[in-house]
Amino acid sequence: MTEVFDQENDNISKGGGSMASTATYILLTPVLAFLGGLLSYSIMLRLLWSESIGSELGTIVFWGSAVFSVMIPVYFVVVYLVARRFNRNTLFLFTAACFLVSFVPVLLIFVPFGSQALFSEQSALVLSFFLAAGIVFGLCSWAFRKFKLKK
């Protein structure tokens, strides 16, 4: 038992620290994805209404993070399932899977308001947030997997 523990400690000390890199992935990927979504939201707001976020930033961050925090485990499960099933084309598959899953929160938010709400400018803002977050999440997952497998 101690031999296995010593080998793991040697692996970590030599820079192949799977536990440290996994923790970094788990913490950093959702943050980068959220920031990517927020940037996308800001860009779409500028394109659709020629406005900036301004004083709405607190509200957008609060509600966006509330819904996004529910999506984080979903993204991780999707990436895990894709990684278990496929060994090739993971860049495309991780990104596409996270992209497709990103439609779920938008549907849950806007379907109660009727089908016409799905095609409103407000839904385009929310959709851009979650689609960008999903794409960034998929790209970060691919980069982590590629980096981890090289070690």
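Source: prediction; values computed, not measured.
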### Message
Can you confirm whether W49 sits close enough to L125 that some side-chain heavy atom of one is under 4.5 Å from a side-chain heavy atom of the other?
### Response
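Yes, side chains in contact.
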### Message
Quick check: do F129 and V106 have side-chain heavy atoms less than 4.5 Å from each other?
### Response
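Side chain of F129 against side chain of V106, heavy atoms only: no contact under 4.5 Å found.
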Is it true that [X] and [Y] fall in one hydrophobic cluster, defined by side-chain heavy atoms closer than 4.5 Å?
X: Y41; Y: I43; answer: yes
X: M71; Y: L35; answer: no
X: I26; Y: F34; answer: yes
X: V104; Y: V67; answer: no
X: L107; Y: I135; answer: yes

With rounding to the nearest 0.5 angstrom, report the [atom1] to [atom2] distance, [X] to [Y].
X: M44; Y: L127; atom1: CE; atom2: CG; answer: 8.0 Å
X: W142; Y: F147; atom1: CH2; atom2: CZ; answer: 13.0 Å
X: R85; Y: T90; atom1: CZ; atom2: OG1; answer: 14.5 Å
X: S40; Y: L47; atom1: OG; atom2: CG; answer: 9.5 Å
X: L39; Y: I53; atom1: CG; atom2: CD1; answer: 8.5 Å
X: S128; Y: L48; atom1: OG; atom2: CG; answer: 8.0 Å

Check whether any side-chain N or O of [X] sits under 3.5 Å from a backbone N or O of [Y] as a donor-acceptor pair, and report yes or no.
X: S123; Y: S120; value: yes
X: T24; Y: A20; value: yes
X: T95; Y: L91; value: yes

Closest non-hydrogen atom pair, [X] against [Y]:
X: N87; Y: A83; value: OD1-O, 4.2 Å
X: G134; Y: S102; value: CA-OG, 3.4 Å
X: A132; Y: G36; value: CB-O, 3.7 Å

### Message
Test side-chain contact (heavy atoms from CB on, under 4.5 Å) on F76 and F137; report intermediate values, then the result.
### Response
CA-CA 9 Å; F76 278 123; F137 203 99; 3.6 Å; yes
### Query
Restricting to pairs with a member in residues 97-127, which pass ring-ring contact (aromatic ring centres under 6.0 Å, His included), not counting sequence neighbours?
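Matches after skipping sequence neighbours: F99-F103.
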### Task
Check side chain to side chain donor-acceptor pair (under 3.5 Å) between Y25 and all other residues, then give those that pass, not counting sequence neighbours.
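By the side chain to side chain donor-acceptor pair (under 3.5 Å) rule, Y25 matches S141.
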### Option passing side chain to side chain contact (heavy atoms under 4.5 Å, CB included) with F94 (candidates V78, L139, V79)
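The side chain to side chain contact (heavy atoms under 4.5 Å, CB included) with F94 is passed solely by V79 among V78, L139, V79.
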Donor-acceptor contacts under 3.5 Å from residues 58-66 side chains, at least two apart:
{"from": "S65", "atom 1": "OG", "to": "V61", "atom 2": "O", "distance (Å)": "2.7"}
{"from": "S65", "atom 1": "OG", "to": "F62", "atom 2": "O", "distance (Å)": "3.0"}

### Query
Can you say whether the rings of F68 and Y75 are parallel (under 30°), tilted (30 to 60°) or perpendicular (over 60°)?
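Plane angle between 30° and 60°, so tilted.
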